[in-house]
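Structure first, commentary second.
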Amino acid sequence: MSDLPFTLDQLRILKAIVAEGSFKRAADSLYVSQPAVSLQIQNLERQLDVPLFDRGGRRAQLTEAGHLLLSYGEKILSLCQETCRALEDLQNIQGGTLIIGASQTTGTYILPRMIGIFRQKYPDVAVQLHVHSTRRTAWSVVNGQVDIAIIGGEVPAELIEYLEIVPYSEDELVLILPISHPLAKLDKINKEDLYKLQFITLDSQSTIRKVIEHVLVMANIDTRRFKIEMELNSIEAIKNAVQAGLGAAFVSNTAIIKELQMGILHSAHVEDVNIERNLWLIYNPNRYRSKAAEAFSTEVLPQFASTGFKDNLLKSSSQKLAAKNMDVSMYNTDNIID
């Protein structure tokens, strides 16, 4: 077999150029000179005998061949990283890396506490937390860039077959008000009171906002009658706006524990309305699972999970083992028919 027409370094450079948008920024991110980056790409194009970039625009744009090489290159680099982590893991759980993914609420308010507990027991394990949208997080788990993740949105349909999706816990969503608001004197308010409030929300594409609106509609609340005062792009910004008296908002109960303890926000329940969403643990059963990931799953995750999580996890593992045994049995010589 002839030598490969590319190196891992060239694939890393190609990926960096696309991620950074230019040869110069890619060089800066890789701590090399721009001429060195340009030379590597020129050599790569000569070895492959195809152009990888359109040189006409200001931003580095891939050709069709460039997109194809990048797609396979990312898989190759991901597998290389997985190989290195598996080799490191042969020693013991005292070293290595654990990469956890999360959507916004879980990544901001739940995972840091979990990681703190884990690091107390395993201080030599390097832990990375990647907080992105549910969709991007799910893709990262499928591609092996993230070991495990806790998400609050729906997994994209095209990824479900590649993931193990285990019910983790329920997340209650509550109405928060400024402590100076007249309704802040009440623990429960009527549905009709909602239409009198000025609301602060996440943007219309937010998963949490869609969940809230869906549950409210199911409770016969007409969200079209809500008076939206402003839309913000983070939960922290929403909490600060409510605290400043600019309006009311629905947020996760886990996001306001500290504010409720300090008495700077008021949480009110809407009569006859219970707003909850499911949180899910996802992982790729076909990827290498490190000892650190196993320890985090068995020792830390159950501490914050709903009743039944361990059973769900064991059931999922049993189903995976049964499926693997079935695949093996298909190759048993006793099952071969002449």
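Computed from a prediction, not measured in an experiment: that's the story for all the values here. Note that these values count all heavy atoms, side chains included, but never hydrogens, waters or copies made by symmetry.
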Name all residues meeting the side-chain contact (heavy atoms from CB on, under 4.5 Å) criterion together with Arg135; count only those two or more places apart in sequence or in a different chain, and write none if there are none. Ser133, Trp139, Pro156, Glu158
Mind checking side-chain contact (heavy atoms from CB on, under 4.5 Å) for Leu8 and listing every partner two or more places apart, or none if nothing turns up? Leu11, Ile76, Leu77, Cys80
Atom [atom1] of residue position [X] - does it have more than 12 heavy atoms of other residues, nucleotides or ligands inside 6.0 Å?
X: Asp49; atom1: CG; value: no
X: Lys24; atom1: NZ; value: no
X: His67; atom1: NE2; value: yes
X: Asp222; atom1: CG; value: yes
X: Tyr162; atom1: OH; value: no
X: Glu154; atom1: CD; value: no
X: Arg136; atom1: CZ; value: no

Between [X] and [Y] (salt bridge meaning N to carboxylate O under 4.0 Å), is one present in this structure?
X: Glu236; Y: Lys239; answer: yes
X: Glu299; Y: Lys121; answer: yes
X: Glu231; Y: Arg209; answer: yes

Verify, without hydrogens or angle tests, whether [X] (side chain) and [Y] (backbone) share a donor-acceptor contact under 3.5 angstrom.
X: Thr108; Y: Thr105; result: no
X: Ser206; Y: Leu202; result: no
X: Ser78; Y: Glu74; result: no
X: Thr106; Y: Ala102; result: no
X: Glu45; Y: Leu52; result: yes

Hey, are the side chains of [X] and [Y] touching, using non-hydrogen atoms and a 4.5 Å cut-off?
X: Ile148; Y: Leu301; result: yes
X: Ile235; Y: Tyr109; result: yes
X: Ile115; Y: Leu129; result: yes
X: Leu163; Y: Val141; result: yes
X: Phe118; Y: Val127; result: yes
X: Ile99; Y: His130; result: yes
X: Asp54; Y: Leu62; result: no
X: Met230; Y: Ile228; result: no

Roughly how far apart are [X] [atom1] and [Y] [atom2], rounded to 0.5 Å?
X: Glu276; Y: Leu173; atom1: CD; atom2: CG; value: 8.5 Å
X: His266; Y: Ile179; atom1: NE2; atom2: CD1; value: 10.5 Å
X: Ile221; Y: Glu213; atom1: CD1; atom2: CD; value: 11.5 Å
X: Asn274; Y: Met218; atom1: CG; atom2: CE; value: 13.5 Å
X: Leu14; Y: Leu70; atom1: CG; atom2: CG; value: 5.5 Å
X: Lys258; Y: Leu265; atom1: NZ; atom2: CG; value: 11.0 Å

Look at the side-chain heavy atoms of Ile, Leu, Val, Met, Phe, Trp and Tyr, link any pair under 4.5 Å apart, and say whether [X] and [Y] land in one connected group.
X: Tyr72; Y: Leu44; answer: no
X: Ile17; Y: Leu68; answer: no
X: Leu197; Y: Val217; answer: no
X: Phe23; Y: Leu39; answer: no
X: Ile264; Y: Val242; answer: no

Applying side chain to side chain contact (heavy atoms under 4.5 Å, CB included) between Ile13 and each of Val18, Val32, Leu30, Thr7, report the one that passes. Leu30
State, to 0.1 Å, how close [X] and [Y] come at their nearest heavy-atom pair, and which atoms those are.
X: Ser297; Y: Pro302; answer: O-CD, 3.2 Å
X: Val155; Y: Ala138; answer: CG1-CB, 4.4 Å
X: Asn143; Y: Arg287; answer: O-NH2, 2.9 Å
X: Phe304; Y: Ser169; answer: O-CB, 4.2 Å
X: Gly101; Y: Val146; answer: N-CG1, 3.3 Å
X: Ser103; Y: Gly152; answer: OG-N, 3.1 Å

Where do Tyr122 and Phe296 land on the ring pair (Phe, Tyr, Trp, His ring centres under 6.0 Å) test, with the steps shown first? CA-CA 10 Å; Tyr122 303 105; Phe296 187 82; 9.9 Å; no
For residues 176-199, pull every pair meeting side chain to side chain donor-acceptor pair (under 3.5 Å), keeping only residues two or more places apart or in separate chains. none
Please determine whether salt bridge (Lys or Arg N to Asp or Glu O under 4.0 Å) holds for the pair Asp9 and Arg12, giving the CA-CA distance in whole Å, both sets of side-chain angles, and the decisive distance to 0.1 Å. CA-CA 5 Å; Asp9 278 341; Arg12 287 178 60 242; 3.3 Å; yes
Derivation and outcome, side-chain contact (heavy atoms from CB on, under 4.5 Å), residues Thr97 and Val125: CA-CA 6 Å; Thr97 303; Val125 176; 5.9 Å; no
Intermediate values then yes/no, side-chain contact (heavy atoms from CB on, under 4.5 Å), Phe226 and Leu216: CA-CA 11 Å; Phe226 282 4; Leu216 291 176; 3.7 Å; yes
Quick one, Glu164 with Asn284, criterion side-chain contact (heavy atoms from CB on, under 4.5 Å). Give me CA distance, side-chain angles, the key distance, then yes/no. CA-CA 6 Å; Glu164 205 69 53; Asn284 187 338; over 6 Å; no
Let's go through Asp171 and Thr254 carefully: what are the C-alpha distance in whole Å and the side-chain angles of both, what is the deciding distance for side-chain contact (heavy atoms from CB on, under 4.5 Å) to 0.1 Å, and is it a yes or a no? CA-CA 8 Å; Asp171 181 27; Thr254 59; 4.1 Å; yes
Parallel, tilted or perpendicular: which fits the ring planes of Tyr168 and Phe309, with parallel below 30° and perpendicular above 60°? perpendicular
Decide whether a cation-pi geometry holds between Arg289 and Tyr283; the criteria are a distance under 6.0 Å from NZ or CZ to the six-membered ring centre and an angle within 45° of the ring axis. yes
